Amino acid sequence: MNILDIFGEHTITAWQMVQTAYGPQRGPERQITGCVVVEETEWVRDSNGAEIISTAQAAIPPEARQDLAPGTMVRLPSGRETTVILVESVEPLSFPLPSFVRLNLA
């Protein structure tokens, strides 16, 4: 088995909430393919340094990072909708894996 075959297993959907005359509404959705999603609980620090609980994590291709920031809404393969709390680039230097972006989700 090729270790790189683990990537590309899941698809997630991301969107921003936009302010309209009728209040906050969903903006355009975009699908991100080539993801690995794990729904497990772990403690993380948000961009302000506060400890919070992340209930899911997603590894996505680096080119899919555009417009993903804390507060972005995400629908997981399970159907659960959640919010991005932290976005970080990962360079796995010790392993023969490609670079990826890790999303910690509320």
Side-chain angles (χ1 to χ4, degrees):
M1 179 182 140
N2 180 353
I3 193 164
L4 299 179
D5 289 341
I6 64 171
F7 289 100
E9 190 172 308
H10 299 119
T11 298
I12 62 175
T13 304
W15 67 92
Q16 297 284 340
M17 296 301 287
V18 293
Q19 189 64 34
T20 69
Y22 303 103
Q25 303 287 324
R26 287 179 186 230
E29 294 184 352
R30 73 176 172 107
Q31 290 193 338
I32 302 171
T33 59
C35 305
V36 176
V37 177
V38 177
E39 292 194 56
E40 66 180 18
T41 303
E42 66 178 52
W43 286 96
V44 297
R45 291 194 183 272
D46 67 8
S47 57
N48 297 321
E51 283 189 345
I52 52 177
I53 296 176
S54 170
T55 60
Q57 300 76 41
I60 66 170
E63 60 274 9
R65 184 180 186 149
Q66 65 190 24
D67 302 329
L68 290 177
T72 301
M73 298 297 297
V74 174
R75 184 179 314 107
L76 302 176
S78 65
R80 184 167 70 97
E81 294 182 353
T82 185
T83 306
V84 174
I85 54 176
L86 185 64
V87 180
E88 58 187 339
S89 296
V90 179
E91 297 287 335
L93 301 176
S94 302
F95 299 101
L97 296 173
S99 301
F100 62 93
V101 173
R102 177 185 168 113
L103 303 178
N104 285 294
L105 307 160

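Just so it is clear, the model here is predicted, and its values are computed rather than measured.
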Please list, chain by chain and in numerical order, all residues satisfying side-chain contact (heavy atoms from CB on, under 4.5 Å) with [X], sequence neighbours excluded.
X   : result
E40 : V38, E42, Q57
S94 : none
Q66 : R30

Residue pairs meeting salt bridge (Lys or Arg N to Asp or Glu O under 4.0 Å), one or both in residues 46-56, sequence neighbours left out, come to R45-E51
Interatomic distance, CD@Q25 vs OG1@T20, rounded to 0.5 Å, equals 4.5 Å
Minimal heavy-atom distance between P98 and P92, with the atoms involved, is O-CG, 3.5 Å
Taking every heavy atom of G34 against every heavy atom of P61, the minimum-distance pair comes out as O-CD, 3.5 Å
Sorted by chain and number, sequence neighbours left out, salt bridge (Lys or Arg N to Asp or Glu O under 4.0 Å) with R80 holds for E39
Residues at least two apart in sequence or cross-chain that pass salt bridge (Lys or Arg N to Asp or Glu O under 4.0 Å) with E91, listed by chain then number, are none
ILVMFWY clustering at 4.5 Å (side-chain atoms), partners of [X]:
X   : answer
W43 : I53
M17 : W15, M73
L76 : I12, I32, V37, I60, L68, V74, V84, V87, V101, L103, L105

For this session: Show the numbers, then the answer: is there a side chain to side chain contact (heavy atoms under 4.5 Å, CB included) between S54 and I85?
Result: CA-CA 8 Å; S54 170; I85 54 176; 4.0 Å; yes
Apply side chain to side chain donor-acceptor pair (under 3.5 Å) to [X] and list each qualifying residue two or more places apart in sequence or on a separate chain.
X   : value
S89 : R65
T82 : none
E29 : R26, R75

